[in-house]
Q: 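A single structure is presented below for examination.
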Protein chains: 2
Amino acid sequence: MSAPGGERRGKLRRDAELNRRKIIAAAREVFREQGVRATLDDVAEHAGVGVGTVYRRFANKEELVDALFEDMIDNVEAILRETIPGKDAWSALSSTLERVCELQAFDRGLREVMLGTGRGPQRRDQVMSRVAPAADRLLQRAKDEGALRPDTQPWDLPMIQLMVAAISEHTGHPNLWRRYLHLILDGLRARPDMGTDLPNPITDEMQLLATLEDSSAQSIRSQDHPSNG
Amino acid sequence: MSAPGGERRGKLRRDAELNRRKIIAAAREVFREQGVRATLDDVAEHAGVGVGTVYRRFANKEELVDALFEDMIDNVEAILRETIPGKDAWSALSSTLERVCELQAFDRGLREVMLGTGRGPQRRDQVMSRVAPAADRLLQRAKDEGALRPDTQPWDLPMIQLMVAAISEHTGHPNLWRRYLHLILDGLRARPDMGTDLPNPITDEMQLLATLEDSSAQSIRSQDHPSNG
DNA sequence: ATATAGCGGAGATATCTTCTCCACTTATGA
DNA sequence: TCATAAGTGGAGAAGATATCTCCGCTATAT
């Protein structure tokens, strides 16, 4: 009967509001270290509150993860905003990419949220829609400068992030990803001496979205009974 | 109580041997499509046998996965062996990488086995140890040719595979990975016009670890089971 | 002081897997 | 052909998690 969503903020009793913050802080820490598979019981223990308290504030884990995810998008936006407009676009682009990848390198939960076969694609889209304009501008400037290969596409950026995150995820090494980000950045540089023809460019964004939707729909559907052949 | 391993091959009754093959074939198919999280019950159903029959041949899922994994290494070895020695090393290298990535693109189970946070690293090592000599030779030839940047390392290859597999895994798109493999290959090309200095955290870190051996050993020891030898 | 929002955390519920057991079926060879 | 041992199926026991609820009690606000 009660709607346990976060919409009542401000009406909470003082101690309840304190607990809400403790829960969010604990969730951030627990998910960062153990990934999103950590249970809300874990989060509760870390926060020093009972599970019931967690469930009173957040109807389920999704809601809590979403709350943290919003925070994260803010971070990415901030990084893009901080990009010095005067600097050459290539440096801006590479340092931006590096900083975004850094976020992922130390946050297992974030990687899982971004990479996860479940809602991952939708979440990437969510980031993209808030971040795309600035990112597009940056890419265009870097191309105009002649530093970035001209067949780069905006949706290459999340894909690069995804690849780099995979390194962090599967080696656990805190810095190895930098090597491969650099490798990829070298691949992104325009080359006067050589043609530039990346295969399979998906020419319009809607087409990519259709791809992502398909795969996520498939993974959701596959939870049901498989049809026999 | 009995040891149900596959060591009795040849002593099996004809129908039992047939079932064993059906199980392996079904496992390959099920794991390819659903990933290694598929249950042995799934495999049994696909094979058209009872679960009991599966468990009589393979003590547990690990054993079955291992059997399939051996097959896979054979495939990778075959690809390397087929590399035409006369051709220029760069073409050989890039087509080899592409073919290995192709294997992963259509096999979710294989990706999970390679990428998985669990035994993934050990399994990658297993591949590397059987494949490393040929791979090293190929890399060296490509460097000698002046096509491959000289700071490439042998262990870059599995990492590249890993990144490319992440694209397949998380987009579900059958060919998008080719774009990013090509991007990475462009990053691997030697460049006369530009320095070549990938950060090398593994070497750096090993030096660092040598210095800090004491403290890291302590942190590993404190993680869990003191009974380990 | 009192009303009431909020708390804790055991445990009900639900979902999954793994793996066992044994009555029944089938291949084999004498 | 038939005795017999090898092999089979698949329900369900056993175990592992995770999610979320309930209600007697506590802390806050007025």
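All figures in this text were calculated on a predicted structure; none of them were measured in a lab. Convention: sequence-line order gives letters A, B, ...; per-chain numbering from 1.
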Q: Among residues 21-36 of chain A, which residues get a heavy atom nearer than 4.0 Å to DNA chain C?
A: none
Q: What string of B, S and - do you get for nucleotides 23-30 of chain C 5' to 3' if you count protein non-hydrogen atoms under 4.0 Å?
A: ---BSS--
Q: Please give, in whole Å, the distance from dT19(D) P to Arg37(A) CZ?
A: 10 Å
Q: Between the protein and nucleotides 11-16 of chain D, which nitrogen or oxygen pairs are less than 3.5 angstrom apart?
A:
none

Q: Once you round it to whole Å, what is the distance between P of dA29(D) and CG of Leu12(A)?
A: 11 Å
Q: OP1 or OP2 of dG8(C) less than 4.0 angstrom from a side-chain nitrogen or oxygen of Thr53(A), does that happen here?
A: yes
Q: Going by heavy atoms in the side chains, are Val131(B) and Glu77(B) under 4.5 Å from each other?
A: yes
Q: For the pair made of CZ in Phe58(B) and P in dT18(C), what is the distance, rounded to whole Å?
A: 15 Å
Q: Test of understanding: with side chain to side chain contact (heavy atoms under 4.5 Å, CB included), list the residues that count as partners of Ala92(A), not counting sequence neighbours.
A: Thr83(A), Leu138(A)
Q: Give DNA chain C the dot-bracket treatment, 5' to 3': Watson-Crick (N1-N3 with N6-O4 or O6-N4) or G-U (N1-O2, O6-N3) under 3.5 Å, [ ] crossing, | other strand.
A: ||||||||||||||||||||||||||||||
Q: Would you say that Glu82(A) contacts Thr96(A) through its side chain, given a criterion of any heavy-atom pair below 4.5 Å between the two side chains?
A: no
Q: Is Asn19(B) near enough to dG7(D) that one of its side-chain N or O atoms lies under 4.0 angstrom from OP1 or OP2?
A: no
Q: Please determine whether salt bridge (charged side-chain N to carboxylate O under 4.0 Å, His left out) holds for the pair Asp74(A) and Arg130(A), giving the CA-CA distance in whole Å, both sets of side-chain angles, and the decisive distance to 0.1 Å.
A: CA-CA 9 Å; Asp74(A) 291 346; Arg130(A) 276 183 56 187; 2.7 Å; yes
Q: Closer than 4.0 angstrom, basic N to acidic O: yes or no for Glu98(A) and Arg178(A)?
A: yes
Q: The side chain of Lys61(A) lies closest to which of these nucleotides: dG9(D), dT19(D), dC19(C)?
A: dT19(D)
Q: Nearest whole Å is fine: how far is dC20(D) P from Arg57(A) CZ?
A: 16 Å
Q: If you measure from the Lys or Arg side-chain nitrogens to the Asp or Glu carboxylate oxygens, is any gap between Arg28(B) and Asp107(B) under 4.0 Å?
A: no
Q: In whole Å, what is the span from the CZ atom of Arg20(B) to the C1' atom of dT8(D)?
A: 17 Å
Q: Would you indicate which nucleotide in dC19(C), dG6(C), dT18(C) comes nearest to any side-chain atom of Asn60(B)?
A: dC19(C)
Q: Flag the pair Arg20(A) and Asp15(A) as a salt bridge only when some basic side-chain nitrogen lies within less than 4.0 angstrom of an acidic carboxylate oxygen.
A: no
Q: List in chain and number order the residues that pass side chain to side chain donor-acceptor pair (under 3.5 Å) with Asp156(B), two or more places apart in sequence or in another chain; answer none if no residue qualifies.
A: Arg179(A), Tyr180(A)
Q: Got a salt bridge between Glu112(A) and Arg37(A), using NZ or NE/NH1/NH2 to carboxylate O under 4.0 Å?
A: no
Q: OP1 or OP2 of dG7(D) less than 4.0 angstrom from a side-chain nitrogen or oxygen of Arg56(B), does that happen here?
A: no
Q: Between Arg13(B) and Glu17(B), does any NZ, NE, NH1 or NH2 come within less than 4.0 Å of an OD or OE carboxylate oxygen?
A: no
Q: In whole Å, what is the span from the CG atom of Leu64(A) to the P atom of dA18(D)?
A: 16 Å
Q: Rounded to the nearest Å, what distance is computed from the CD atom of residue Glu45(B) to the P atom of nucleotide dG10(D)?
A: 10 Å
Q: What is the distance, to the nearest angstrom, from the CG atom on Leu40(B) to the C1' atom on dG10(D)?
A: 14 Å
Q: As an exercise, state the distance from CZ of Arg111(B) to CZ of Phe31(B), rounded to the nearest 0.5 Å.
A: 15.0 Å
Q: Other residues, nucleotides and ligands only: do more than 12 of their heavy atoms fall within 6.0 Å of CD on Glu45(A)?
A: no
Q: Verify the distance criterion only: is there a donor paired with an acceptor across the side chains of Glu70(B) and Gln126(B) at less than 3.5 Å?
A: yes
Q: May I ask you to say whether Arg108(A) pairs ionically with Glu33(A), meaning some side-chain N is under 4.0 Å from a carboxylate O?
A: no
